[in-house]
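Note sheet for the following structure.
Chain identifiers are assigned alphabetically (A, B, ...) following the order of the sequence lines, protein sequences preceding nucleic acid strands; residue numbering begins at 1 within each chain.
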Number of protein chains: 2
Amino acid sequence: MMSVTPMYVVVADRISAQIAAGELRPGDRIPGERELEELYKISRNVARAVISRLRQQGLIVSRQGKGSFVANRDLIRRLVRNGQEFRPADNTEVDQTLTVELSEVDASNDIAWCLDLSLPARVSKALMTWTIGNEPIEVTEHYERLLDQPPITRPETNPMNAPDVIKRFASIGTQVTTVEEDTSARMPTSEETHQMAIPQGVPVITVERTHHAGDTPVAISRITIRADRVLISSKQDISAG
Amino acid sequence: MMSVTPMYVVVADRISAQIAAGELRPGDRIPGERELEELYKISRNVARAVISRLRQQGLIVSRQGKGSFVANRDLIRRLVRNGQEFRPADNTEVDQTLTVELSEVDASNDIAWCLDLSLPARVSKALMTWTIGNEPIEVTEHYERLLDQPPITRPETNPMNAPDVIKRFASIGTQVTTVEEDTSARMPTSEETHQMAIPQGVPVITVERTHHAGDTPVAISRITIRADRVLISSKQDISAG
DNA sequence: TGCTATTTGTGCGTATGTATT
DNA sequence: AAATACATACGCACAAATAGC
């Protein structure tokens with residue numbers, strides 16, 4: 001029953017402990033592959049396994065030709081109110097950009113199901129990318145049933161704001177009655193890793209928000225957020241009684 | 001400037017596409033290391049890199065002696081209301097257990113800072129583990145200032161419920177006025193991976209909830225949730241006008 | 001029970017490419 | 001141009017878990 005812990009786990013956990021203890025601080029360089037070989041008397045591949053494990057845990061980032069460095073979760077705090085409005089907070093100094101691409105497309109099976117449409121069907125689509133300091137932080141795919149509502153043209157506001165959607169529908173006489181939200185997290189796909197330049201070991205937070213007008217779903221937002229940059233924060237007042 | 005895509009990325013993305021297309025379904029076995037060698041004319045280590053990449057993306061799980069299988073995100077839907085109450089939904093059939101360990105400990109620097117205490121200080125601690133079908137799904141560390149409130153002894157309710165905390169403080173004359181929540185996601189630590197038996201490529205969702213009575217923080221909950229099992233869901237009614 | 005074949009896990013050695021300094 | 005460091009890749013050996021006989 002002797003369960004021996006593999007060397008690459010032992011070494012990785014030791015470095016991990018140094019990071020947790022503050023002996024290695026964000027930005028610090030950790031020993032390179034050759035150094036690990038000598039320090040712990042392990043082979044090159046095991047040294048690589050150590051670094052790979054730490055990378056996967058999101059503790060370090062590696063740069064070819066330079067080395068591996070303790071990761072920096074440089075969080076940009078955001079505020080969510082009432083499960084609806086997402087707006088940045090405490091980061092007015094950094095330059096934010098928001099790009100919006102509008103189109104009208106055939107609904108995929110998936111989207112048709114979510115919007116309760118029978119195929120084939122056309123829907124309006126908005127692809128929004130929120131960039132902060134040249135880093136894409138958040139990508140939103142927003143789909144709406146084709147009604148007579150004005151198009152989505154408010155790049156100055158945050159696309160995650162449900163209030164905007166609600167107001168726009170209200171302006172054409174469609175009252176959004178409920179907003180449902182599913183929040184989860186997963187590892188990014190290859191495509192997302194490429195698009196958002198996400199380092200290894202960084203998950204994405206996903207929010208799927210569905211707007212209902214009565215029983216019919218009228219709009220759906222799929223929000224994908226880099227978890228190492230964005231913190232979803234909320235504050236709620238409690239009434240006595 | 002020729003940027004060649006590495007073989008292990010090419011092969012992994014091809015299998016990833018098969019999973020996305022539904023050609024490989026959850027539970028299906030993917031080609032083994034030796035098979036990948038032959039199929040794509042690659043070496044053993046590259047075949048391993050392919051599998052490692054897919055594992056890291058949370059798309060497959062590997063079992064020694066059996067093979068690698070398409071992962072199954074077997075979500076247990078949960079409901080969050082008003083950012084306070086977390087309760088399970090749609091899963092009354094599965095057997096849930098909740099273990100609670102109560103203690104009184106010295107506050108760590110971290111906790112002391114969050115609760116605005118000056119060291120040394122004693123705090124009451126509750127370590128709660130929510131298990132579902134023998135799988136630990138959620139671990140909560142809950143700290144409270146030492147007041148005269150009754151101890152936390154309600155294993156029948158979900159420890160994430162802020163209302164419970166609020167009521168208990170109210171019963172001793174301390175009115176909780178605000179609840180702050182920070183939600184994020186990250187890869188699990190080695191310890192968490194071991195404790196909760198989390199497979200590779202599965203992040204955890206973290207919720208840090210702080211209860212304030214006026215300006216003083218009185219309780220803090222640190223909730224850690226397996227992201228492949230739990231979905232945080234909310235529903236909100238919109239009032240017209 | 002024991003044996004064997006299969007499959008992944010761990011580990012070693014080596015060579016070459018590419019980015020950085 | 002040279003040194004350094006990570007990235008990709010090949011080949012090999014043995015351990016450990018699994019499944020079938």
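If you take CD of B:E37 and C1' of D:dG11, they are 9 Å apart, rounded to a whole angstrom. Between the CD atom of A:E38 and the P atom of D:dT4 there is a distance of 13 Å, given to the nearest Å. Across the protein-nucleic acid pair, A:L36 atom CG and C:dC12 atom P stand 13 Å apart, rounded to whole Å. Atom-to-atom, CZ of A:R53 to C1' of C:dG9 comes out at 13 Å; the value is rounded to the nearest Å.
Between A:L59 and A:V70 the shortest side-chain heavy-atom distance does not fall below 4.5 Å.
In this structure A:D106 satisfies the side-chain hydrogen bond (donor to acceptor under 3.5 Å, both in side chains) test together with A:R122, sequence neighbours excluded. The side chain to side chain contact (heavy atoms under 4.5 Å, CB included) test applied to A:A219 returns A:H142, A:E144, A:V165, A:F169, A:H211, not counting sequence neighbours. Annotation: side-chain hydrogen bond (donor to acceptor under 3.5 Å, both in side chains) contacts of A:Q57 (sequence neighbours excluded): B:S190. Partners of A:D110 by salt bridge (charged side-chain N to carboxylate O under 4.0 Å, His left out), not counting sequence neighbours, listed by chain and number: A:R222.
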Could you check B:S184 against A:R73 for side chain to side chain donor-acceptor pair (under 3.5 Å), going step by step and ending with a plain yes or no? CA-CA 11 Å; B:S184 188; A:R73 276 176 69 103; 3.0 Å; yes

Would you sort out whether B:T206 and B:R186 count as a side chain to side chain donor-acceptor pair (under 3.5 Å), showing the intermediate values? CA-CA 8 Å; B:T206 59; B:R186 58 170 170 76; 5.1 Å; no

Could you run down the sub-3.5 Å N/O contacts of the protein with nucleotides 19-21 of chain D?
residue	atom	partner	partner atom	Å
D:dA19	OP1	B:K66	NZ	3.3

Protein-nucleotides 7-10 of chain D N/O pairs under 3.5 Å:
residue	atom	partner	partner atom	Å
D:dA7	OP2	A:R55	NH1	3.4
D:dT8	OP1	B:Y8	OH	3.2
D:dT8	OP2	B:Y8	OH	2.6
D:dA9	OP1	B:M7	N	2.9
D:dA9	OP2	B:M7	N	3.3
D:dC10	OP2	B:S43	N	2.8
D:dC10	OP2	B:S43	OG	2.9
D:dC10	N4	B:N45	ND2	2.6

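When both distances must be under 3.5 Å, the Watson-Crick or G-U wobble mate of D:dA1 does not exist.
Put simply, the side chain of A:T193 gets close to the backbone of A:T189: a donor and an acceptor are under 3.5 Å apart.
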